[in-house]
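Written out below as structure tokens is the structure these notes cover.
Indexing begins at 1, ligand by ligand and atom by atom, following the structure's order.
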Amino acid sequence: MQQLAKDLSKIDGLLIKREVDLSPLTTMKTGGVANIFLLPCSISSLEKTLSFLRKNGISFKIFGNGSNLIVAEDPKVVLSLSLLKNLTIKGQSLIAQSGCLIWETIKFCIENGLGGLEPLFGIPGSIGGAVFMNAGAGGISIGNFLSHILLTSEHGSYWKEVDDLTFSYRKTNIPKNCLISAVKFRIDKTQIRQKTKKIYSLLKTRPEQSRKIIQFAMKHRAKSQPIGFPSSGCIFKNPKGTTAWQLITLCGLKGYAINDAQISKKHANFIINRGKAKASDILKLIELTKERVFKETNTLLREEVVIWNDGNKI
Ligand SMILES: Cc1cc2nc3c(=O)[nH]c(=O)nc-3n(C[C@H](O)[C@H](O)[C@H](O)COP(=O)(O)OP(=O)(O)OC[C@H]3O[C@@H](n4cnc5c(N)ncnc54)[C@H](O)[C@@H]3O)c2cc1C
């Protein structure tokens, strides 16, 4: 790994950190240690980094803002786009690089008199992670607002029209060898809606109006979610026709704990870290919940959170 870090240090504009503890970086506050943590400062340094890693057959993981992630291993190489933070308006598009946080992007929209994304304000993700997960709240998903995604691979970067992609429930089907380095949000004068697809644009909005929507959304979150405890948001996707929290509640699992990992009493689809929970406690609780819900309701819950546990387990 020493030699690999030395070779990577030859790439211009690439910040390299060693032995990075991922627990403070994830919202669950658990996790292993990344042996090499890479932070490209520009899209061109990102392209060079990807080219180097792929040419040398080095596998790596992509880290957004760690808000939908349970790290249950010590990953070798982690790539973070958190330094790609440019936000600009060009013609009918707002262009956001992947490292911008959702709230930062919404703040920028408000400063520029644009509204539409406010219901997403409380989602603690980056733009890259949010688009990868097609994050949503308050009846909208981020994918509804996009016109293009800048995809980057070892071969370079290109703008892909979203019409060529599918945004589904907490999923975007970007090509496997690519990552999301920036996106374009549509800006329009009028809302366009198509019957089959929800297509939205950012619209001219008064800042007071945007602030009201944010306040409403945040109040709703504070009422329904265990804000104040580390978590990864919803652990499971909602099965068709029901919600995961209802099924978990039905099985009497609200408040059930394995060490400091506990199924929230406030929202049964959240697992909270009461202090010293380990990733392994959370994984055990996830498995137990799936087994119990399947046994009692014949419904297989599927994880919404992304779990890293294929390397050196911790
Ligand atoms: C308190 C709380 C509330 C939440 N509320 C919501 C909610 O209302 N709605 C909702 O949808 N989610 C919610 N979430 C979950 C989470 O915030 C979202 O899924 C968020 O979009 C994840 O973004 P991230 O940057 O943190 O991604 P990470 O968690 O870091 O990564 C998630 C996945 O995306 C991949 N990824 C990250 N960046 C990129 C990139 N640039 N290119 C390709 N792949 C990438 C990672 O490899 C990983 O597989 C909540 C989480 C918390 C803790």
Quick one, S82 with S80, criterion side chain to side chain donor-acceptor pair (under 3.5 Å). Give me CA distance, side-chain angles, the key distance, then yes/no. CA-CA 5 Å; S82 60; S80 160; 2.9 Å; yes
Of the protein's non-hydrogen atoms, which lies at the shortest distance from atom 1 (C) of ligand 1, and what is that distance? S231 OG, 3.9 Å
Between S98 and ligand 1, which residue portion shows a heavy-atom distance shorter than 4.0 Å: side chain, backbone, both, or neither? side chain
Part of R221 within contact of ligand 1 (heavy atoms, under 4.0 Å): side chain
Show which atoms of ligand 1 fall inside a sub-4.0 Å distance from at least one heavy-atom site of L69. 29 (O)
Geometry only, no angles: is G64 polar-contacting ligand 1 at N/O separations under 3.5 Å? yes
Is it true that E154 and K48 have a side-chain N and a carboxylate O under 4.0 angstrom from each other? no
Within ligand 1, which atoms have a heavy atom of A130 less than 4.0 Å away? 21 (O), 23 (O)
Subset of ligand 1 atoms that lie under 4.0 Å from at least one heavy atom of S126: 23 (O), 24 (P), 25 (O)
Please work out, at 4.0 Å between heavy atoms, whether the side chain, the backbone, both, or neither of N65 comes within that distance of ligand 1. both
For residues F236 and V305, determine if any side-chain heavy atom of one lies less than 4.5 Å from a side-chain heavy atom of the other. no
Backbone or side-chain N or O of Q225 under 3.5 Å from ligand 1 N or O: no
Protein heavy-atom partner closest to atom 46 (C) of ligand 1 - residue, atom, separation in Å: I62 O, 3.2 Å
Please report which non-hydrogen protein atom sits nearest to atom 13 (C) of ligand 1, along with the residue it belongs to and the distance in Å to one decimal place. I123 CG2, 3.8 Å
Is K212 salt-bridged to E118, going by a charged N under 4.0 Å from an acidic O? no
Between E304 and R170 (salt bridge meaning N to carboxylate O under 4.0 Å), is one present in this structure? yes
Quick note on ligand 1: atoms under 4.0 Å from a heavy atom of L81 include exactly 41 (N)
Any salt bridge between D281 and R274, counting N to O under 4.0 Å? no
Regarding ligand 1, does T27 bring an N or O atom to under 3.5 Å of one of the ligand's N or O atoms? no
So which of G122, S67, A217, S181 gets nearest to atom 16 (C) of ligand 1, if we judge by its closest heavy atom? S67
Under a 4.0 Å heavy-atom limit, does S232 contact ligand 1 with its side chain, its backbone, both, or neither? backbone
Pull out every atom of ligand 1 sitting under 4.0 Å from any heavy atom of G136, numbered as shown with elements. 7 (C), 8 (O), 9 (N), 10 (C), 11 (O)
Taking the side chain as every heavy atom from C-beta outward, state whether I187 and L94 have any pair of such atoms under 4.5 Å apart. yes
Proximal atoms of ligand 1 relative to G66 (non-hydrogen, under 4.0 Å): 26 (O), 28 (P), 29 (O), 30 (O)
Tell me the protein heavy atom at minimum distance from atom 38 (N) of ligand 1, and give that distance in Å. G129 N, 3.4 Å
Establish, yes or no, whether a centroid distance under 6.0 Å links the rings of F185 and F145. no
Options L84, I180, I127, ranked by nearest heavy atom to atom 40 (C) of ligand 1, top entry: I180
Which part of M28 is near ligand 1, with near meaning a heavy atom under 4.0 Å away: side chain, backbone, both or neither? neither
Above 12 or not: heavy atoms from other molecules or residues under 6.0 Å from CG of D12? no
Counting C-beta onward and ignoring hydrogens, is there a side-chain heavy-atom pair between V77 and N35 closer than 4.5 Å? no
Do any nitrogen or oxygen atoms of W308 come within less than 3.5 Å of a nitrogen or oxygen of ligand 1? no
Minimum side-chain heavy-atom gap I286-I70 below 4.5 Å: yes
If we only consider heavy atoms of R170, is any one of them less than 4.0 Å away from an atom in ligand 1? yes
Counting only heavy atoms not in K278, do more than 12 sit closer than 6.0 Å to its NZ atom? no
Hey, any chance I142 and I180 share a hydrophobic cluster, counting ILVMFWY side chains that come within less than 4.5 Å of each other, even indirectly? yes
Quick note on ligand 1: atoms under 4.0 Å from a heavy atom of N68 include exactly 15 (C), 16 (C), 19 (O), 22 (C), 29 (O)
Under 4.0 Å from one or more heavy atoms of P124, ligand 1 contributes atoms 2 (C), 3 (C), 4 (C), 17 (O), 50 (C), 51 (C), 52 (C), 53 (C)
Electrostatic pair E104:K85 at N-O distance under 4.0 angstrom: yes
So I149 and W159, do their side chains get closer than 4.5 Å, heavy atoms only? no
Compare F132, F121, F63 and give the one whose heavy atom is closest to atom 33 (C) of ligand 1. F132
